[in-house]
Enquirer: 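Sharing a structure with you now.
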Amino acid sequence: MPRTTTVESSGCPPLRALTFDILGLIKVVEAKGEQKEAPKVVETWGEPDASRCVLAASLVDREFDPLLGVARKSGKIEVLSPVNGDVRASISIESQNHPGSADNSIVGLHLFKGERLGSSSRSCNLLTCTSKGQANMTYVKMSKSLEDSGGESTQTTWNVCGSGSILCSKVDGDESYALFGGKGVEVNIWDLNQCAKVWSAKSPAKNSLGIFTPTWFTSATFLCKDDHRKFVAGTNSHQVRLYDISAQRRPVVSFDFRETPIKAVAEDVDGHTIYIGNGSGDLASFDIRTGKLLGSFLGKCSGSIRSIVKHPELPIIASCGLDSYLRIWDVKSRQLLSAVFLKQHLNSVVFDSKFSTREAQVPPQQQDTDETLQTEEEEEKTVKRKKASKEHSGSKKLKTKKKSKRSKGDSNDIA
């Protein structure tokens, strides 16, 4: 089996992606943007250990001081630098039911971009949720030195469900609301500033045959970053539902996609296009306003898709899953641009869209020296041009004088 697969296309644009697998490894995949060049693994962080399996990840994608949050199977939360992989803070979520255990593992993690109450420049806030419904708002004070990676933390804990199992959680673009849903748990939305529930979904009515579909949500995402009232959820019964909390408690739009559970849902920046991946490796895009299928992505994955992410600037998406491949797709043509084999089952992928900006920054001293060299070269070129123009004009004058003498001699002979 080839390690890297490419297709006949214009090649991948410059990109940087971070993948997370079941052995706790974080792999950095980069593409330089050259013609038909496939992305390559440039760095691998961590040592393979099944107890350090990455269950959830969150990236604060910004130009200065970016942060990466990683939730591991052991119950540890690590805050890393996505530039070099250095650990900035490491905490443990406290729970009476031991969240690191298999029956109460961490299923959701969000690292807040904006500063919240009580935060500072050397601190961060993160939200986690376990499968038993225990939500934690944690304030982490990051360490000053890289050697001391254990930061101080304070936690606020509450329960988002009384029974059932949480399988998905998501925070809106304004970072004020969060949704939770799972097996036996209807999707509900919470106000993070008040830690209070503001809305809860209602189960759909029975179908024409009188069959009731049990509640089993597997993935969810907010449809627009500026509006928390509309969100999309995927179910284990291969159904995709659009909810509008300002309209009603039941789905506004509902449709089926193939015949296997929905495993990943991602939104586009346009606010109405969504990307759906299921347990059999099918990937497609829909217009959620009408439930119309826009098209399926060409090239079937050989395993369950576990994560889909849209690049915030480029017209591409990335998908990964249990077939151990990171795939890059073009959203316009829906064709596969490249696929990188990463050896382990993958749980999540994120885009680092600001890496090119950080690389393009040149130190001011180096920039000054480059400018001086450039001006010196331009001055030398102008001097050479002036000399050449003078010599060229002198040769022209000589030629004209000779021609005039010859013309006089010819006229005398004729006379």
Enquirer: For the atom pair CD (Gln239) and CZ (Phe257), what is the distance rounded to the nearest 0.5 Å?
Expert: 13.5 Å
Enquirer: Nearest 0.5 Å, please: how far is CZ in Arg241 from CD1 in Ile262?
Expert: 11.0 Å
Enquirer: Any side-chain to backbone donor/acceptor pair from Asn125 onto Phe112? Under 3.5 Å, distance only.
Expert: no
Enquirer: Just to verify, which of Val349, Val340, Thr19 counts as forming a side chain to side chain contact (heavy atoms under 4.5 Å, CB included) with Cys320?
Expert: Val349
Enquirer: Under the side chain to side chain contact (heavy atoms under 4.5 Å, CB included) rule, what do Leu67 and Ser81 come out as? Steps first, then yes or no, please.
Expert: CA-CA 5 Å; Leu67 294 175; Ser81 169; over 6 Å; no
Enquirer: Taking the side chain as everything from C-beta on, heavy atoms only, tell me whether Leu242 gets closer than 4.5 Å to Asp244.
Expert: no
Enquirer: Do the side-chain N and O atoms of Asn136 and Thr138 include a donor-acceptor pair separated by under 3.5 angstrom?
Expert: no
Enquirer: Check this for me: does any side-chain nitrogen of one of Lys230 and Asp226 sit under 4.0 Å from a carboxylate oxygen of the other?
Expert: no
Enquirer: Can you confirm whether Val171 sits close enough to Tyr177 that some side-chain heavy atom of one is under 4.5 Å from a side-chain heavy atom of the other?
Expert: no
Enquirer: Hey, mind stepping through Thr235 and Val240 against side chain to side chain contact (heavy atoms under 4.5 Å, CB included) and telling me if it holds?
Expert: CA-CA 7 Å; Thr235 68; Val240 181; over 6 Å; no
Enquirer: Look up atom OG in Ser74 and atom CG in Leu55, then write down how far apart they are to the nearest 0.5 Å.
Expert: 8.5 Å
Enquirer: Grab the two heavy atoms, one from Trp158 and one from Cys195, that are nearest each other, plus how far apart they are.
Expert: CZ3-SG, 3.7 Å
Enquirer: Between Ile274 and Leu223, is any pair of side-chain heavy atoms under 4.5 Å apart?
Expert: yes
Enquirer: OG/Ser237 to CD/Glu259 distance, rounded to the nearest 0.5 angstrom?
Expert: 12.5 Å
Enquirer: Pairing donors with acceptors under 3.5 angstrom, does anything connect the side chains of Lys202 and Gln248?
Expert: no
Enquirer: Check whether any side-chain N or O of His238 sits under 3.5 Å from a backbone N or O of Thr260 as a donor-acceptor pair, and report yes or no.
Expert: no
Enquirer: Given side chains that start at C-beta, do those of Tyr325 and Cys301 come closer than 4.5 Å, heavy atoms only?
Expert: no
Enquirer: Where is the tightest heavy-atom contact between Pro14 and Leu314, given as atom of each residue plus distance?
Expert: O-CD1, 3.7 Å
Enquirer: Enter the distance from Thr218:OG1 to Trp216:CH2 here, rounded to the nearest 0.5 Å.
Expert: 9.5 Å
Enquirer: Please walk me through it: do Arg327 and Asp323 pass side chain to side chain contact (heavy atoms under 4.5 Å, CB included)?
Expert: CA-CA 10 Å; Arg327 288 179 168 85; Asp323 62 351; 2.5 Å; yes
Enquirer: Ring-plane angle category for Tyr243 and Phe231, please: parallel below 30°, perpendicular beyond 60°, tilted otherwise.
Expert: parallel
Enquirer: Without swapping roles, check the side chain of Asp21 against the backbone of Leu25 for a donor-acceptor pair under 3.5 Å.
Expert: yes
Enquirer: Rounded to the nearest 0.5 Å, how far does CG of Leu59 lie from CZ of Phe351?
Expert: 11.5 Å
Enquirer: Do you know which two heavy atoms are closest between Ile106 and Ile77, and how far apart they sit?
Expert: CD1-CD1, 3.5 Å
Enquirer: Does Ile245 reach the side chain of His228, with side-chain heavy atoms less than 4.5 Å apart?
Expert: yes
Enquirer: Grab the two heavy atoms, one from Arg249 and one from Ser200, that are nearest each other, plus how far apart they are.
Expert: NE-O, 3.0 Å
Enquirer: What verdict does the side-chain hydrogen bond (donor to acceptor under 3.5 Å, both in side chains) test give for His272 and Glu267, after you've listed the backbone C-alpha separation in whole Å, the side-chain angles of each residue and the deciding distance to 0.1 Å?
Expert: CA-CA 8 Å; His272 57 79; Glu267 78 284 358; over 6 Å; no
Enquirer: Can you run down the salt bridge (Lys or Arg N to Asp or Glu O under 4.0 Å) pairs that involve residues 268-294, sequence neighbours left out, and say none if there aren't any?
Expert: Arg258-Asp282, Asp282-Lys300, Asp287-Arg289
Enquirer: For the side chain of Ser58 and the backbone of Leu111, is there at least one donor-acceptor N/O pair under 3.5 Å apart?
Expert: yes
Enquirer: Between Trp199 and Trp190, is any pair of side-chain heavy atoms under 4.5 Å apart?
Expert: no
Enquirer: Measure across Asp330 and Pro315 and return the closest heavy-atom pair with its distance rounded to 0.1 Å.
Expert: OD1-O, 3.3 Å
Enquirer: Verify, without hydrogens or angle tests, whether Arg72 (side chain) and Gly24 (backbone) share a donor-acceptor contact under 3.5 angstrom.
Expert: yes
Enquirer: If you draw a 6.0 Å radius around CZ in Arg229, do more than 12 non-hydrogen atoms from other residues or ligands fall strictly inside?
Expert: no
Enquirer: Between Leu109 and Leu127, does a side chain to side chain contact (heavy atoms under 4.5 Å, CB included) hold up when you go through it step by step?
Expert: CA-CA 6 Å; Leu109 169 67; Leu127 173 69; over 6 Å; no
Enquirer: What do you reckon, are the aromatic ring centroids of Phe180 and Phe217 less than 6.0 Å apart?
Expert: no
Enquirer: Can a side-chain donor-acceptor contact be found between Gln344 and Ser324 if the only test is distance below 3.5 angstrom?
Expert: no
Enquirer: Looking only at side chains, do Asp49 and Ser51 share a donor and an acceptor under 3.5 Å apart?
Expert: yes
Enquirer: Would Glu186 and Arg250 satisfy salt bridge (Lys or Arg N to Asp or Glu O under 4.0 Å), going step by step from the backbone distance to the final call?
Expert: CA-CA 10 Å; Glu186 289 289 344; Arg250 282 179 171 163; over 6 Å; no
Enquirer: What closest approach, in Å, do Lys310 and Ile317 show between heavy atoms, and which atom pair accounts for it?
Expert: CD-CG2, 3.5 Å
Enquirer: Taking the side chain as C-beta and beyond, is there a heavy-atom pair between Lys343 and Phe341 under 4.5 Å?
Expert: yes
Enquirer: Are any of the side-chain nitrogens in Glu30 or Arg16 under 4.0 Å away from the carboxylate oxygens of its partner?
Expert: yes
Enquirer: May I ask you to say whether Arg88 pairs ionically with Asp65, meaning some side-chain N is under 4.0 Å from a carboxylate O?
Expert: yes
Enquirer: Is the shortest heavy-atom distance from the side chain of Asp352 to the side chain of Val28 under 4.5 Å?
Expert: no
Enquirer: Under 4.0 Å between a Lys/Arg side-chain N and an Asp/Glu carboxylate O for Glu78 and Lys76?
Expert: no
Enquirer: Pairs under 3.5 angstrom only: tabulate donor-acceptor contacts from the side chains of residues 39-48 to other protein residues two or more places apart or in another chain.
Expert:
{"residue": "Glu43", "atom": "OE2", "partner": "Trp45", "partner atom": "NE1", "Å": "3.3"}

Enquirer: Under the side-chain hydrogen bond (donor to acceptor under 3.5 Å, both in side chains) rule, what do Asp174 and Ser176 come out as? Steps first, then yes or no, please.
Expert: CA-CA 5 Å; Asp174 292 335; Ser176 298; 5.8 Å; no
